[in-house]
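The sequence lines fix the lettering, A, B, ..., with proteins before strands; numbering per chain opens at 1. Side-chain atoms are counted along with the backbone in the values below, which use heavy atoms only and exclude waters and symmetry mates.
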Amino acid sequence: MTSSPMPAPTAGQPAVDADHAPKDAGLQPGSLVSGLPKAAPGETMIAIDAISKWYGEFQVLTNCTTKVAKGEVVVVCGPSGSGKSTLIKCVNALEPFQKGQITVAGTKVLDKSTNLPKLRSRVGMVFQHFELFPHLTITENLTIAQRKVLKRDGEDAKKRGLDLLARVGLGAHAHKYPGQLSGGQQQRVAIARALAMNPVVMLFDEPTSALDPEMVGEVLDVMVELAKEGMTMMVVTHEMGFARKVADRVIFMDRGEIVEDATKDEFFGSPRSERAQTFLSKILQH
Amino acid sequence: MNYNWNWSIFFDQSPEGTGTYADMLLSGLQWTIVTALCAWVIAFFLGSLVGVLRTLPSKTANAIGTTYVEIFRNVPLLVQMFLWYFVLPEVLPRQLGDAVKQMPDAPFYTAVVCLGFFTASRVAEQVRAGIQALPRGQRMAGTAMGFTTYQTYRYVLLPNAYRIILPPLTSEFLNNLKNTSVALTIGLLELTGRARSMQEFSFQVFEAFTAATILYVLINLVVVVAATFLERAVAIPGQR
């Protein structure tokens with residue numbers, strides 16, 4: 001919590017008090033993750049097994065293989081066009097792939113008998129451009145999928161949604177519409193919206209790339225907290241500071257291939273491939 | 001110009017014996033409004049369905065949607081009116097065709113169906129444009145939350161697309177209302193048809209069509225004002 005850009009309110013203060021609560025409280029103490037199924041540590045949550053993907057003739061992914069264990073935080077980086085966003089979109093089948101297999105918490109993605117909407121409802125996803133639903137209030141954004149997909153009772157869904165909203169410090173904004181919030185605030189709502197579904201895995205697709213620099217910190221704070229609470233995360237990002245802080249492993253991609261798949265220390269200490277070395281020297285220069 | 005102006009003609013009895021000429025025009029206006037509203041119900045729902053078909057990933061759905069739009073958009077409304085009214089009953093099985101011909105108010109039902117199907121092709125294009133104008137990530141976000149395709153359209157894409165296309169949809173509604181006049185060719189007693197009857201009975205052509213013009217303008221103004229209120233009512237706070 002020391003990383004929070006705003007002072008956390010004193011312990012006795014209620015989390016949400018519309019009149020007196022600070023407009024944007026920043027990350028609040030308390031758990032973001034709840035109801036995670038207990039499983040043996042080290043269990044594989046995402047297994048990506050030799051997948052390849054083509055857009056017509058053009059091959060965007062070539063024989064990519066990696067694993068994400070339960071509770072692990074894996075950062076995927078690489079130059080633009082390297083296929084990193086495409087790779088994580090394959091995990092919840094937002095992008096179809098033609099060869100190989102991905103298994104998420106024991107369910108095969110490329111299988112006719114798999115109920116994809118059900119699988120996706122257990123995989124939280126955060127997008128570069130937030131993608132909150134602009135015609136719904138923040139509360140409705142947080143509850144609609146809980147009600148329509150998980151068939152939760154309206155009151156339960158609202159309680160869970162508002163609880164998470166308060167945790168990301170935006171309890172005072174529940175009645176607003178996405179267009180009335182800043183980019184950083186919208187992205188925190190988007191994270192809360194994904195968490196409201198009690199996902200077993202969270203995917204982040206460049207969550208801070210569309211943000212003004214001063215708002216990157218507030219979003220990363222939430223992600224760091226999430227990582228500390230043991231959420232399994234796959235994060236496409238250029239934020240090497242975030243990678244150094246919480247990543248267990250770093251995957252470096254180039255031209256649709258996984259060039260390097262190493263522990264954080266190995267990757268930042270002595271990347272083996274020349275391409276990764278060049279990439280690192282470029283983005284760490286400034 | 002040798003013309004006998006007679007503005008009090010509206011209060012004269014019409015030779016049909018059902019009231020004054022004014023009553024005749026107003027009953028025409030009623031048919032115009034009822035026909036337009038019924039046709040719009042078909043146009044809106046069928047048009048939305050066809051528009052959605054054109055935005056689905058399925059090639060078959062796309063082909064069906066495109067075929068519909070290109071057929072109904074590219075044949076003149078007048079020709080379509082004749083096809084529905086004169087040709088369709090002949091190509092139907094004998095009994096069914098006869099039943100259609102003997103239907104009371106056949107011109108009305110034909111006009112509603114014809115205009116509805118015609119306008120649907122235009123509404124479909126608006127709906128397609130509205131959906132395609134949304135950021136690609138919106139569909140992805142809906143899908144990623146676990147929504148089915150139906151749910152993604154119902155809760156995410158369509159509510160936003162309709163808001164975007166409200167102004168052009170208003171234009172379509174106005175077109176639809178004015179297009180009811182084509183139905184006079186199949187004998188629907190709508191406003192233009194009634195103005196023409198008045199002119200034929202009384203020879204007061206200027207008065208008859210001035211009245212019809214004013215009534216069309218007034219009713220369309222009402223639509224425009226209503227659409228402005230609707231736009232304000234559904235506007236999303238925080239969006240420009």
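Taking every heavy atom of both residues into account, B:Ala144 and A:Met125 meet most closely at CB-CB, 4.1 Å. Across all their heavy atoms, A:Phe133 and B:Ala141 have their closest contact at CE2-CB, 4.0 Å. When every heavy atom of B:Ile236 is checked against every heavy atom of A:Pro134, the shortest pair comes out as CG2-O, 3.1 Å. Across all non-hydrogen atoms, the minimal contact from A:Val149 to B:Met145 is CG2-O, 3.9 Å.
In the displayed structure, B:Phe45 atom CZ is contacted under 6.0 Å by at most 12 heavy atoms of other residues, nucleotides or ligands. Atom OH of A:Tyr55 sits in a crowded spot, with more than 12 heavy atoms from other residues, nucleotides or ligands closer than 6.0 Å. No more than 12 heavy atoms of other residues, nucleotides or ligands sit less than 6.0 Å from atom NZ of A:Lys158. For A:Glu155, the CD atom sits in a loose shell: 12 or fewer heavy atoms of surrounding residues, nucleotides or ligands are nearer than 6.0 Å. The environment of B:Arg196 atom CZ is sparse: at most 12 non-hydrogen atoms of other residues, nucleotides or ligands sit within 6.0 angstrom. Other residues, nucleotides and ligands place no more than 12 heavy atoms under 6.0 Å from the NZ atom of A:Lys108. At most 12 heavy atoms of other shown residues, nucleotides or ligands fall within 6.0 angstrom of atom OH in B:Tyr109.
Judged purely by atom type and a 3.5 angstrom limit, A:His135 uses its side chain to pair as donor or acceptor with the backbone of B:Tyr155.
There is no contact between B:Arg139 and chain A, counting heavy-atom distances below 4.5 Å. Looking at B:Gln151, the atoms closer than 4.5 Å to chain A (heavy atoms on both sides) all sit in the side chain, from C-beta outward. Contacts of A:Leu132 with chain B are made by backbone atoms alone, with heavy-atom separations under 4.5 Å and no side-chain atom involved. Interface residue A:Glu95: only side-chain heavy atoms are found under 4.5 Å from chain B.
Rounding to the nearest 0.5 Å places CZ of B:Arg136 at 10.0 Å from CD of A:Glu131. Taking CG of A:Leu136 as the start and CG of B:Asn160 as the end, the distance is 8.0 Å to the nearest 0.5 Å.
The side-chain heavy atoms of A:Lys89 and B:Met140, taken from C-beta on, include a pair separated by under 4.5 Å.
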>> The test is side-chain contact (heavy atoms from CB on, under 4.5 Å); show your working for B:Arg154 and A:Lys148 and say whether it passes.
In response: CA-CA 11 Å; B:Arg154 166 71 183 78; A:Lys148 304 296 177 188; over 6 Å; no
